[in-house]
Every structure is written in structure tokens, then in C-alpha cells.
Protein chains: 2
Amino acid sequence: MPFLLLIEDDDAIRTGLELALTRQGHRVAAAASGEDGLRLFKEQRPDLIVLDVMLPGIDGFEVCRRIRRTDQLPIILLTARSDDIDVVVGLESGADDYVVKPVQPRVLDARIRAVLRRGERENSDSSAFGSLVIDRSAMTVTKDGQDLQLTPTELRLLLELSRRPGQALSRQQLLRLVWEHDYLGDSRLVDACVQRLRAKVEDVPSAPTLIRTVRGVGYRLDPPS
Amino acid sequence: MPFLLLIEDDDAIRTGLELALTRQGHRVAAAASGEDGLRLFKEQRPDLIVLDVMLPGIDGFEVCRRIRRTDQLPIILLTARSDDIDVVVGLESGADDYVVKPVQPRVLDARIRAVLRRGERENSDSSAFGSLVIDRSAMTVTKDGQDLQLTPTELRLLLELSRRPGQALSRQQLLRLVWEHDYLGDSRLVDACVQRLRAKVEDVPSAPTLIRTVRGVGYRLDPPS
DNA sequence: AGGCTTGTGACACCGCTGTGACAGACGGCG
DNA sequence: CGCCGTCTGTCACAGCGGTGTCACAAGCCT
């Protein structure tokens with residue numbers, strides 16, 4: 001299920017879109033300011049951001065630029081109809097698509113799906129980490145050409161890590177991404193799953209070279225050097 | 001060599017793309033209006049059409065619809081970034097893919113090849129998976145040369161799976177593709193049908209080698225190794 | 001009406017998953 | 001350099017959930 005972050009200061013529009021998008025089968029997090037949006041983004045790691053341009057404080061373009069410094073996820077800008085210059089500035093700030101307000105929810109939904117599809121095509125197929133090859137369409141993982149039997153959870157964990165190679169993900173983030181629930185208090189759940197994954201994926205599970213521990217934070221899948 | 005028809009009224013974009021696509025190994029015909037495009041299409045029978053949406057006279061959607069009345073060739077729409085309604089209407093008018101202008105030639109080229117590849121797979125009238133041969137024009141399935149009596153649903157399920165060999169399909173996707181309805185809550189419907197199909201198709205139904213279970217996801221028809 | 005096909009529910013099995021405990025590793029600090 | 005607290009690796013176990021399987025009833029076509 002796609003996980004969206006909606007950043008929009010107007011309460012009516014925000015809650016309306018949040019409801020509509022939820023109905024259309026997305027998971028939605030919402031923020032009412034640029035600052036909140038950036039914080040939520042770092043915390044929750046959504047798949048896509050719907051971003052209003054006119055925000056108090058940090059405006060949409062700036063939010064977009066800051067996110068783009070580190071991340072490649074799709075960003076859809078919401079712009080007011082009257083602004084002509086938006087498109088140009090928006091393009092330069094790195095957005096993937098534009099939607100003009102007022103927007104019909106199903107139009108926005110169609111755009112979101114289109115952008116995600118585009119991204120999937122680009123991200124998908126297969127990626128390699130050393131001798132480890134992840135085939136996202138067959139949903140298989142092979143090591144030295146040999147098929148690995150990963151369990152569903154192990155597979156999802158590896159997929160989420162591999163979507164952000166080289167980036168450390170906290171246990172909280174992984175719980176949200178892989179298990180889709182927030183966790184109160186810590187547990188060894190993520191560690192246990194990482195451990196099982198390492199057993200299948202690493203050459204020497206006790207000296208992992210692919211899935212590295214980031215002490216005090218979480219885990220990180222190293223890109224091939 | 002793929003033969004493309006490019007329909008685009010803007011002279012600069014048209015000649016630019018024509019040049020770039022020719023360099024990338026396509027044969028290209030070009031038209032500057034919807035009318036010209038339709039005429040050229042009938043005359044030259046290209047393999048694929050790249051079609052601008054905003055055209056004077058007959059617009060891109062209309063061109064798309066008219067072509068679709070009689071022909072199934074792939075159509076890629078070129079849309080301006082700012083248009084709101086494009087995606088929805090475009091989907092309904094039967095295009096196969098969208099590219100947002102301004103487009104980098106190599107991106108367009110990649111899309112073209114992707115769409116052509118997809119089309120080849122879908123239209124080829126027979127494919128083989130080990131001893132299993134699917135004849136799409138006769139709508140028959142044979143195993144070791146012997147005709148299999150598949151029921152309509154079993155056949156559609158196998159066809160959908162075989163259109164995407166090696167790709168895991170979720171139960172949701174299969175329900176949409178084969179049964180054409182979304183399902184709320186889970187059911188054993190897909191499993192049951194897969195089970196019946198396996199009974200006819202697999203050598204050892206209890207140890208399937210063609211239709212593989214992808215745990216936590218769905219099923220996948222393995223291509224011949 | 002009759003037979004085949006299809007959808008649904010029940011059920012059992014197996015493997016996965018989540019949990020807690022414990023030991024070892026790491027890093028900070030004196 | 002050594003101690004100690006915290007964090008992580010590891011393991012076993014019990015519960016759960018997903019999947020295969022089957023039987024039955026309703027639907028559909030002939």
C-alpha cells in the first residue's frame with residue numbers, strides 16, 4: 001500500500017484530501033507546516049510527498065529542495081492556479097509533478113499512481129549488492145545465482161533496505177515500513193528478523209558485510225563498493 | 001528495426017525528437033497535426049505511435065480513440081506537465097504509456113522499447129513453459145503435445161500468468177485481472193483455482209514447478225530455465 | 001434436467017513470527 | 001587501561017497465520 005505524506009496548511013483542504021486519499025487506498029500522514037512536514041518525512045519515510053507550495057515559514061519549494069538534497073522519492077506539488085511562475089521554479093526545485101488547486105481527489109489519486117508507477121519502473125526490475133541480486137518483479141533474491149528462500153517478512157525487510165542503499169534506517173522506521181505498525185517500547189523484533197536475514201544473505205553472518213549495524217540507530221544496507 | 005510515427009505540432013520538438021529517435025535506431029515518420037497523423041498512420045502502418053496531446057484540430061485523445069477503434073498498436077502520449085486531466089482521460093482513451101514533456105530523448109527511447117517489449121510478449125500467439133504450450137490464437141493449452149481441457153477460468157488465469165512470466169502476481173492483482181473485481185477481505189478463491197489449474201498442468205501437483213507459490217504475495221509462472 | 005464449473009467455508013498442517021532471556025560486544029568514562 | 005552500562009546477537013519456544021486441500025452448494029450452459 002502506498003504511504004503518502006501530505007503537507008498542506010489549510011485545514012479544510014488537508015483533512016479533505018487526507019480522507020479522500022485514505023479512501024482510495026493509501027496510507028496517509030499529514031503535516032500542516034513545512035517544518036512539521038520535514039520532521040515527519042525523516043521519521044516516517046513515506047513513498048511519496050504531496051506538497052503545498054504556499055506554506056507559512058519554510059515554503060514548499062524550499063521543503064522540496066531540502067528533501068532532494070538527500071532523497072529521490074517522488075514529490076507532487078500543489079500550486080494555486082494563479083501562479084504562473086510556479087512551474088518553472090518547481091521544476092528547478094526538483095518536483096516530479098504538479099497539480100493545480102482546487103484539485104479533484106480522483107485526479108490527484110491518478111497522478112499519484114502515475115508517478116508511483118513511473119518510479120516503480122525505474123526502481124524495479126533488479127538491483128544488485130555484490131553477489132546478491134534482488135528481483136523485485138519475480139520477488140526473488142538470489143546469491144551467486146542461487147535462489148534464496150526468504151520468508152515474506154525477511155523479503156520485505158530486504159526490499160525496504162535495498163530501496164535506500166547506504167542509508168541507515170532506525171528500528172522505528174523499519175517497523176513502520178515492514179510491519180506497518182508503530183511500536184511502543186522497544187523489542188528485539190527487528191534485530192531478530194535482521195539476524196535471520198543475515199543468516200541467509202551474508203557470507204559470514206557473524207561478520208556481515210551487506211547489512212551493517214549502525215549502533216544506537218538501526219541498520220543499513222551497504223551499496224556495492 | 002522499430003518503425004515509429006511521431007505526431008507533434010511544435011516544430012522544434014518534432015524535429016528534435018525525430019533526429020534523436022533516428023539516432024537511437026528507430027525508423028521515424030513524423031506528422032505535424034492530428035489529421036496528417038491519421039493519414040500517415042493508415043498509409044504507413046507504424047509499430048508504435050508517439051502522440052502529443054495538445055494538437056490543433058483533432059487533439060491527441062481523439063486521435064488515440066480513433067486509432068483504437070480499429071488497431072491495437074502501442075501508443076505513447078506526450079503530455080504537458082501542467083495539464084490536470086490528462087492522465088485520467090488518457091487512460092480512458094486507451095494509451096499505453098505517458099511521457100511528460102519536456103522529455104529527454106533517451107527516456108522516451110527507454111519507454112518506447114519497454115512498451116514494444118511488453119507488446120511482443122502479449123501478442124505473440126504461443127509461448128512454451130517446459131512441456132506446456134499455450135496457443136493464444138487457438139486458445140488451447142497442450143502438455144507433452146496432449147490437449148488439456150481447461151475450464152474458462154483456469155484458462156484465463158493461466159493466460160494472465162503467462163503474459164508476465166517470472167513475475168509474481170498478488171492475489172489482489174489476479175482477482176482484478178481474471179475475475180475483474182476487487183475483493184474485500186480475503187478468500188480462498190484464487191488458491192482454489194490455482195489448485196485446480198495445477199492439477200492439470202503440473203507433473204506433480206503437490207510439488208509444482210511451473211506455478212510457484214510466492215509466500216506472502218501470491219503466485220508466479222516460472223519461465224523455462 | 002443434468003453435468004460441469006465455480007465460489008465458499010472448514011480444517012489441518014507447517015513454517016513463520018514475535019517474545020523473552022541471556023550472553024557477549026561495544027563504547028564511554030573515570 | 002579497566003570497569004560498567006547499554007546495546008546488540010543469538011536462541012528456543014509457543015502462538016499464529018498463511019496455504020493446501022477438500023467437500024458442498026449454487027450457478028451456468030447445453
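Treat the numbers as computed from the prediction; the structure is a model and nothing was measured. The figures that follow rest on heavy atoms only: side chains count, while hydrogens, waters and symmetry mates do not. The chains referred to below are lettered A, B, ... by the order of the sequence lines, with proteins before strands, and numbering in each begins at 1.
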Distance check: side-chain N/O of [X] vs OP1/OP2 of [N], anything under 4.0 Å?
X	N	answer
B:Y219	D:dG20	yes
A:Q195	D:dG9	no
A:R198	D:dG9	yes
A:T213	D:dG9	yes
A:T151	C:dT17	yes
A:T153	C:dC16	no

Separation of [N] [atom2] from [X] [atom1] (nearest whole Å):
X	N	atom1	atom2	result
A:L197	D:dT8	CG	P	17 Å
A:L174	C:dG18	CG	P	13 Å
A:I211	D:dT8	CD1	P	15 Å
B:L155	C:dT6	CG	P	10 Å
B:R220	D:dT19	CZ	P	14 Å
B:R188	D:dC22	CZ	C1'	13 Å
B:L175	C:dT6	CG	C1'	13 Å
A:R156	D:dG17	CZ	P	14 Å

*Would you say the side chains of A:R196 and A:T153 form a donor-acceptor pair under 3.5 Å?*
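No, because no side-chain N or O of A:R196 sits under 3.5 Å from a partner of the opposite role on A:T153.
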
*Do NZ/NE/NH1/NH2 and the carboxylate oxygens of A:E18 and A:R14 come within less than 4.0 Å?*
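No.
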
_Taking A:R111 first and then A:D109, would you say they form a salt bridge - that is, a charged N and a carboxylate O separated by under 4.0 Å?_
no

*State the CZ-OG1 distance between A:R156 and A:T151, to the nearest 0.5 angstrom.*
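Answer rounded to 0.5 Å: 9.5 Å.
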
_OG1-CZ distance between A:T209 and A:R212, expressed to the nearest 0.5 angstrom_ =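 The CZ atom of A:R212 is 7.0 Å from OG1 of A:T209, to the nearest 0.5 Å.
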
*Could a donor-acceptor pair under 3.5 angstrom be found where the side chain of B:R196 meets the base of C:dG7?*
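Such a pair is found, so the answer is yes.
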
*For B:W179 and for A:C193, locate the closest nucleotide of DNA chain C by heavy-atom distance; then report the residue assigned to the nucleotide nearer the 5' terminus.*
B:W179

*Along DNA chain C (nearest heavy atom to each residue), the more 5'-positioned of B:E154 and A:E154*: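 Closer to the 5' end of DNA chain C: B:E154.
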
*Of A:R215 and A:S206, whose nearest nucleotide on DNA chain D comes first from the 5' end?*
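Its nearest nucleotide lies further toward 5', so the answer is A:R215.
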
